[in-house]
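What follows is a single structure, written as structure tokens, with notes after it.
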Amino acid sequence: MAAAEVVDTQLMLGVGLIEKDTNGEVLWVWCYPSTTATLRNLLLRKCCLTDENKLLHPFVFGQYRRTWFYITTIEVPESSILKKVTHFSIVLTTKDFNPEKYAAFTRILCRMYLKHGSPVKMMESYIAVLTKGICQSEENGSFLSKDFDVRKAYLAGSIKDIVSQFGMETVILHTALMLKKRIVVYHPKIEAVQEFTRTLPALVWHRQDWTILHSYVHLNADELEALQMCTGYIAGFVDLEVSNRPDLYDVFVNLAESEITIAPLAKEAMAMGKLHKEMGQLIVQSAEDPEKSDSQVIQDIALKTREIFTNLAPFSEVSADGEKRVLNLEALKQKRFPPATENFLYHLAAAEQMLKI
């Protein structure tokens with residue numbers, strides 16, 4: 001077995017089953033290997049079966065304290081051997097971001113459970129994927145871990161859609177991400193929230209960091225505490241009440257109303273100038289070019305972003321301990337950039353941990 005496959009198969013943490021019975025009760029019925037009470041409660045909250053509004057969300061995903069969760073929920077057909085169950089959710093917890101991969105695998109596990117009515121077959125398939133990266137079954141479909149390249153997951157959303165909705169204001173999102181600020185996104189539909197939030201880290205492609213994504217957060221004390229321990233993040237909510245929580249964000253995106261708001265305390269760091277205008281124009285021009293694919297737009301933004309770091313390079317020097325590069329603030333000030341540019345480069349150096357302590 002290739003080393004890459006070995007690493008890949010160590011990414012799954014556990015599998016679980018939640019059922020809604022004919023009395024309307026929602027219960028955590030089974031899991032392998034085991035899970036904590038905190039995580040169980042979180043996953044019960046995330047799966048749509050406990051929702052009052054009865055809306056079925058076939059697939060949701062998110063992250064909690066560095067554990068990713070993927071939940072596929074289905075309605076049980078009349079013909080099924082599961083006579084006392086109306087709906088069930090299959091939950092996977094993993095170490096990595098790859099929604100398409102785990103959606104495909106949970107769908108296979110759902111078909112198995114529908115057919116056999118017992119978790120045994122699911123567990124066998126889970127162990128097969130965990131150890132060999134593959135599970136095959138004639139009637140339920142086969143799954144191959146290595147078919148799902150993580151770069152594809154990174155590129156799955158559409159930057160062009162974001163730009164067509166927000167135009168020049170997209171540069172606010174780019175700036176917030178560059179400065180590792182806290183972005184909160186609201187929309188009443190979880191599918192819209194997930195689609196939008198998962199695309200944002202691509203605006204800072206040079207980092208290729210999707211650990212900043214928390215695409216499905218509830219206004220729950222434990223979840224918010226976990227979120228606030230992160231320096232910068234993108235957090236998705238379906239509860240408009242989050243707009244009244246300025247302690248949670250530097251930038252608030254009301255996706256339903258196509259509005260972006262910068263929080264008062266973040267205004268100084270997020271002050272826009274010529275540099276931002278150029279960046280905004282580049283983003284809009286590239287995204288509006290019908291000839292360009294989303295990945296080409298991401299490439300254009302990444303090249304322009306690299307230019308910004310090139311601007312910063314002459315004002316950095318090796319730190320006293322020789323460990324890393326730090327900002328020489330005097331040199332930056334002597335350059336006499338426009339105030340907004342100098343301000344941005346300073347805050348960018350801070351975000352990149354280039355300030356002298």
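On a predicted model such as this, the values are computed, not experimentally measured, just so you know. Quick note: residue numbers are just sequence positions, from 1.
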Task: Audit row: E317, K324, salt bridge (Lys or Arg N to Asp or Glu O under 4.0 Å) steps and yes/no - done: CA-CA 8 Å; E317 57 195 20; K324 57 176 192 174; over 6 Å; no
Open item on the list: For Y126, I'd like to know if atom OH has over 12 heavy atoms of other residues, nucleotides or ligands within 6.0 Å.
Closed with: yes
- [ ] For K84, look at atom NZ and say whether over 12 heavy atoms of other residues, nucleotides or ligands are found less than 6.0 Å away.
- [x] no
Task: Interatomic spacing from CD1 in I18 to CD1 in I90 - rounded to 0.5 Å - done: 9.5 Å
Task: Side-chain (E124) to main-chain (C135) donor-acceptor, under 3.5 angstrom - done: no
TODO: Spell out, as yes or no, whether a donor-acceptor pair under 3.5 Å connects the side chain of Q63 to the backbone of L213.
DONE: yes
Task: Qualifying side chain to side chain donor-acceptor pair (under 3.5 Å) pairs with a residue from residues 173-202, counting only residues at least two apart or across chains - done: H57-E191, E100-R198, H174-T305, R182-D250, Q194-S215
Task: Minimum heavy-atom distance between L200 and L177, given as atom pair plus value - done: O-CD1, 3.3 Å
TODO: May I ask you to say whether D147 pairs ionically with K101, meaning some side-chain N is under 4.0 Å from a carboxylate O?
DONE: no
TODO: Using modelled atom types only, decide if a donor and an acceptor are shared between the side chain of S80 and the backbone of P77 within a distance under 3.5 Å.
DONE: no
TODO: State yes or no: do V29 and M123 share one hydrophobic cluster built from I, L, V, M, F, W and Y residues joined by side-chain heavy-atom distances below 4.5 Å, directly or via other members?
DONE: yes
Open item on the list: Within 45 degrees of the ring normal and closer than 6.0 Å to the centroid, is that where the cationic atom of K46 sits relative to Y216?
Closed with: yes
Task: Student check: side-chain heavy atoms of K115 and R111 closer than 4.5 Å - done: no
Task: F97 and W210 aromatic ring geometry - parallel, tilted or perpendicular at 30°/60° bounds - done: parallel
- [ ] Identify the two heavy atoms, one from V297 and one from A287, that lie closest to each other, and give their separation to 0.1 Å.
- [x] CG2-CA, 3.9 Å
Task: Heavy-atom closest contact (G117 atom, I81 atom, distance) - done: N-CD1, 3.5 Å
Open item on the list: Please check this pair: side chain of T86 against backbone of K20, looking for a donor-acceptor N/O pair closer than 3.5 Å.
Closed with: yes
Task: Donor-acceptor contact present, side-chain Y249 to main-chain S243, <3.5 Å - done: yes
Task: Derivation of the side-chain contact (heavy atoms from CB on, under 4.5 Å) call for L248 and Y233 - done: CA-CA 10 Å; L248 293 175; Y233 52 73; 4.2 Å; yes
- [ ] Determine, step by step, whether F59 and I71 satisfy the side-chain contact (heavy atoms from CB on, under 4.5 Å) criterion, reporting the C-alpha distance in whole Å, the side-chain angles of both residues, the deciding distance to 0.1 Å, and the verdict.
- [x] CA-CA 6 Å; F59 182 68; I71 307 173; 6.0 Å; no
Open item on the list: Is it true that, when you exclude L265 itself, more than 12 heavy atoms of the residues, nucleotides or ligands shown sit nearer than 6.0 Å to its CG?
Closed with: no
Task: Validation row: V150, D96 side chains within 4.5 angstrom (heavy atoms) - done: no
TODO: Find out whether M272 and K277 are in side-chain contact, i.e. whether some heavy atom of one side chain is under 4.5 Å from a heavy atom of the other.
DONE: no
Task: Rounded distance [0.5 Å steps], OG in S118 versus CH2 in W30 - done: 9.0 Å
Open item on the list: Whether the T36 and T38 side chains hold a donor-acceptor pair (N or O, under 3.5 Å, no angle test) is what I'd like checked.
Closed with: no
Task: Side chain to side chain, V163 and L173, heavy atoms closer than 4.5 Å - done: no
Open item on the list: Considering only residues two or more places apart or on different chains, which pairs with a residue in residues 266-300 satisfy ring pair (Phe, Tyr, Trp, His ring centres under 6.0 Å)?
Closed with: H276-F344
Open item on the list: So L348 and I308, do their side chains get closer than 4.5 Å, heavy atoms only?
Closed with: yes
- [ ] Consider only side-chain heavy atoms of I, L, V, M, F, W and Y, link residues closer than 4.5 Å, and tell whether L109 and L27 are in one cluster.
- [x] no
Open item on the list: Rounded at 0.5 Å granularity, tell me how far NZ in K83 sits from CG in D21.
Closed with: 15.0 Å
Open item on the list: With heavy-atom distances below 4.5 Å as the criterion, would you say the side chains of Q281 and V284 are in contact?
Closed with: no
Open item on the list: Measuring from atom CD1 of I172 to atom CD1 of I260, what distance do you get when rounded to the nearest 0.5 angstrom?
Closed with: 5.0 Å
- [ ] Determine yes or no for a side-chain-to-main-chain donor-acceptor pair under 3.5 angstrom, with N23 supplying the side chain and E25 the backbone.
- [x] no
Open item on the list: Could you see if F237 belongs to whatever hydrophobic cluster contains I262? Use Ile, Leu, Val, Met, Phe, Trp, Tyr and a side-chain cutoff under 4.5 Å.
Closed with: no
- [ ] Could you tell me the separation between the NE2 atom of H206 and the CD1 atom of I298, rounded to the nearest 0.5 Å?
- [x] 13.5 Å
Open item on the list: Whether the side chain of T50 engages the backbone of L44 through a donor-acceptor N/O pair (distance < 3.5 Å, no angle test) should be reported.
Closed with: yes
TODO: Applying side-chain contact (heavy atoms from CB on, under 4.5 Å), run through L355 and V326 and close with a yes or a no.
DONE: CA-CA 6 Å; L355 294 189; V326 291; over 6 Å; no
- [ ] Show the numbers, then the answer: is there a ring pair (Phe, Tyr, Trp, His ring centres under 6.0 Å) between F61 and W68?
- [x] CA-CA 7 Å; F61 62 90; W68 289 92; 7.2 Å; no
Task: Atom NZ of K152 with >12 non-hydrogen neighbours under 6.0 angstrom - done: no
Task: Donor-acceptor under 3.5 Å (N343 side chain, E268 main chain) - done: yes
- [ ] Report yes if some heavy atom in the side chain of V238 is under 4.5 Å from a heavy atom in the side chain of V193; otherwise report no.
- [x] yes
TODO: Could you tell me whether K304 and E307 make a salt bridge, using a distance below 4.0 angstrom between a side-chain N and a carboxylate O?
DONE: yes
Open item on the list: Tell me whether V217 shares a hydrophobic cluster with V242, the cluster being built from Ile, Leu, Val, Met, Phe, Trp, Tyr side chains joined at under 4.5 Å.
Closed with: yes
Task: Donor-acceptor contact below 3.5 Å, side chain S125 vs main chain K121 - done: yes
Task: Salt-bridge present (K160, E288; N to O < 4.0 Å) - done: no
- [ ] Please report the closest heavy-atom contact between L179 and A269, naming both atoms and the distance.
- [x] CD1-O, 3.5 Å
Task: Distance, nearest 0.5 Å, that separates CD of E75 from CG of L56 - done: 6.5 Å
Open item on the list: If you compare all heavy atoms of Y64 against all heavy atoms of A226, which two are closest, and at what distance to 0.1 Å?
Closed with: CE1-CB, 4.0 Å
Task: Salt-bridge contact D247-R245 (side-chain N to carboxylate O under 4.0 Å) - done: yes
Task: Side chain proximity check, V91 to L17, heavy atoms < 4.5 angstrom - done: no
Task: Carboxylate-amine/guanidinium proximity below 4.0 Å for E223 and R65 - done: no
Open item on the list: For the CD atom on Q228, are there more than 12 heavy atoms of other groups (residues, nucleotides or ligands in this structure) within a distance under 6.0 Å?
Closed with: yes
TODO: Check Q296 against E291 and note the closest heavy-atom contact, atom names and distance.
DONE: OE1-O, 3.7 Å
Task: Criterion side-chain contact (heavy atoms from CB on, under 4.5 Å) on M270 and V251, from CA distance to verdict - done: CA-CA 10 Å; M270 297 275 299; V251 172; 3.8 Å; yes
Task: Main-chain N/O of L327 paired to S316 side chain as donor or acceptor, under 3.5 Å - done: no
Open item on the list: For residues V184 and I212: do they belong to one hydrophobic cluster (side chain heavy atoms under 4.5 Å, members Ile, Leu, Val, Met, Phe, Trp, Tyr)?
Closed with: no
Open item on the list: Among F143, Y102, F105, exactly one meets ring pair (Phe, Tyr, Trp, His ring centres under 6.0 Å) together with F148. Which residue is that?
Closed with: F143
Open item on the list: For a quick check under 3.5 Å, do Y70 and N98 share a side-chain donor-acceptor pair by atom type?
Closed with: no
